[in-house]
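A short worksheet on the structure shown next.
All figures in this text were calculated on a predicted structure; none of them were measured in a lab. In what follows, residues are counted from 1 in the order of the sequence shown.
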Amino acid sequence: MDLQGELLAHPHSVYDRLRNTAPVCRITGTDGTPAWLVTRYGDVRAALADPRLSLDKSHATEGGYRGMSLPPALDANLLNMDPPDHTRIRRLVSRAFTPRRTEQLSAPIRATADRLLDALGPSGTADLVSAYAAPLPIIVICDLLGIPEDRRLDFRTWTDALVTPDPGRPRAAKEAVVAMLGFFTELMAHKRSHPADDLLSDLIAVRDGAEGEGGSEGGDDRLSEDELMSLAFLILFAGYENTVQLIGNAIHTLLEHPEEQARLRKDPSWLPAAVEELARYEGPAPLAIRRFPTEDITIAGVTVPAGETVLLSLSAANRDPARFPRPDHLDLDRDTSGHLALGHGIHYCLGAPLARAETEIALAALLERYPTLEAASSVPRWRPSLRARGLTELPVRYDTARLPH
């Protein structure tokens, strides 16, 4: 079943149809190879935590969808690993994304959000993707890693080429990978000779011989050179890509629901709950990272052979009426516990606390600054990608004064 065109144009209606008629169906993946798509909440949640569904590409059969193609120096990351390697590497980096660490970053994040809004001025029109939703997370994650300011725009261009390939530029994605590999190689060398107070310098110290925190199944908490490079790539890539969609989609949704926008402006204490419902309603990742059964596995009565590719739809699961009543209705009072926008199980998004904090702070700063905030276009322009659910632009009219209607 070739659903790519339909999913790009009308994802939620297609997922609704599939949940009712073919909750596990064989489709054509984004690179033209076959995969199995799972759309019901219960099946998706169970599969996300099923150890028989491996992220390791060595379990994949030939000819199936394998996801993004990267060189070994960038491919040895958490999105391609199972325990014990996954456990070892996640342990090493998890301390950078604890709730306490995120709390310490709140003030710098708010300062960055305020600077970006200062640049917009008191009133006018702007694209809130390019002016706000995109630069905020790239600044935050690059500051955390210690990446120079003059290279940050380059990385945004490279990630766009990977997530949303341009059919008119078939070599752009490969060129972006080559450029990123060169960038990280150069950056690692610089950090080794000029260590600083940043996460990347800390990870290099672990790689180059510092003692790890506690033992691991493998008995060694150190990173290989490829693991170090791949981990830096993944933190930067995921830390930017997921959060820009989360912030942009949240703003877009509130523009479409002015009564909820007004509610949050009047009482910002609702923002943490609102971020959860906004993530459920229009999350940043339509699909979880592809998985490969290590044995024949049955999902919703359908047997998927070992080694074939399984795609778990987070978007479809989050709008399953069997779990979330009236799922196409934005409800800030909803019990959102168990939503899957940021995953589930051992591969749950490592940077989820930071992504939540950035989104909450971004919305708070925006709504506080502008009593008047309206969409300047009635037709949203979504990125033509099944890997990311986000807008190419978000034109708005804004004013620090409330305008009469």
Side-chain angles (χ1 to χ4, degrees), residues 6-19 39 41 44 127-129 132-134 136-137 163-164 238 240-261 263-264 270-288 312-321 323-344 349 351-352 355-360 362-364 366-367 373-375 377-396:
E6 287 186 87
L7 282 171
L8 289 174
H10 308 288
H12 297 304
S13 61
V14 174
Y15 286 138
D16 188 50
R17 185 178 79 234
L18 291 176
R19 278 194 307 267
T39 52
Y41 177 88
V44 171
D127 169 18
L128 285 189
V129 169
Y132 193 56
L136 178 61
V163 174
T164 314
Y240 163 69
E241 188 61 38
N242 281 341
T243 311
V244 66
Q245 319 306 344
L246 195 58
I247 295 172
N249 293 357
I251 296 172
H252 167 69
T253 301
L254 290 177
L255 292 173
E256 290 193 322
H257 296 80
E259 70 288 350
E260 302 292 6
Q261 182 188 145
R263 176 182 179 180
L264 293 175
W270 278 98
L271 275 166
V275 167
E276 300 306 313
E277 171 65 353
L278 290 163
R280 180 207 68 83
Y281 185 83
E282 200 72 89
L287 304 170
L312 306 173
S313 177
L314 307 178
S315 293
N318 280 335
R319 293 213 185 186
D320 187 342
R323 175 61 183 83
F324 300 105
R326 298 181 67 205
D328 297 328
H329 173 69
L330 183 73
D331 180 3
L332 301 190
D333 297 305
R334 183 192 301 277
D335 175 10
T336 57
S337 59
H339 78 73
L340 304 176
L342 297 170
H344 172 65
C349 178
R356 285 187 169 98
E358 288 181 64
T359 304
E360 183 180 333
L363 293 178
L366 185 68
L367 296 176
L373 186 65
E374 302 172 330
S377 172
S378 60
V379 182
R381 297 184 180 179
W382 296 99
R383 299 173 74 178
S385 173
L386 296 182
R387 290 177 175 147
R389 175 69 171 170
L391 295 154
T392 59
E393 60 181 27
L394 183 54
V396 299

Distance (rounded to the nearest 0.5 Å) between Ser313 OG and Leu7 CG: 8.0 Å
Smallest separation among heavy atoms of Pro384 and Leu8, with atom names: C-CD2, 3.6 Å
pair Tyr41-Leu340: side-chain heavy atoms closer than 4.5 Å: yes
Gap separating the CZ atom of Arg381 from the CG atom of Asp127, nearest 0.5 angstrom: 10.0 Å
Contact check, side chains of Trp382 and Leu391, non-hydrogen atoms, under 4.5 Å: yes
Atom of Pro137, atom of Tyr132 and distance for their closest heavy-atom approach: CD-O, 4.4 Å
Nearest non-hydrogen partners of Val244 and Ala134, listed with the distance: CG2-CA, 3.3 Å
pair Leu264-Leu271: side-chain heavy atoms closer than 4.5 Å: yes
Least distance between heavy atoms, Ser315 atom then Ala285 atom: OG-O, 4.1 Å
Minimum heavy-atom distance between Ala279 and Asn318, given as atom pair plus value: O-ND2, 4.5 Å
Pro284 to Ala341 - nearest heavy-atom pair and separation: CD-O, 4.2 Å
Sub-4.5 Å side-chain heavy-atom contact between Pro327 and His12: no
Interatomic distance, Leu246 atom CG to Glu282 atom CD [nearest 0.5 angstrom]: 11.0 Å
Side-chain heavy atoms of Thr39 within contact of Val44, under 4.5 Å: no
Nearest-0.5 Å distance, CD of residue Gln245 to OG of residue Ser385: 8.0 Å
Point-to-point distance, once rounded to the nearest 0.5 Å, from CD of Glu360 to CG of Leu278: 11.5 Å
Indicate every side-chain donor-acceptor pair of residues 251-260 with a distance under 3.5 Å to a residue at least two apart or in another chain.
unit_1: Thr253; atom_1: OG1; unit_2: Asn249; atom_2: O; d: 2.8
unit_1: His257; atom_1: ND1; unit_2: Thr253; atom_2: O; d: 2.8

Pairs involving residues 327-336, ordered by first then second residue, that meet side-chain hydrogen bond (donor to acceptor under 3.5 Å, both in side chains) (sequence neighbours left out): Arg263-Asp333, Glu277-Arg334, Arg319-Asp328, Asp335-Ser337
Whether Arg356 side chain and Val275 backbone form a donor-acceptor pair below 3.5 Å: no
Atom pair CG (Asn242) and CZ (Arg389), whose distance is rounded to the nearest 0.5 Å: 14.5 Å
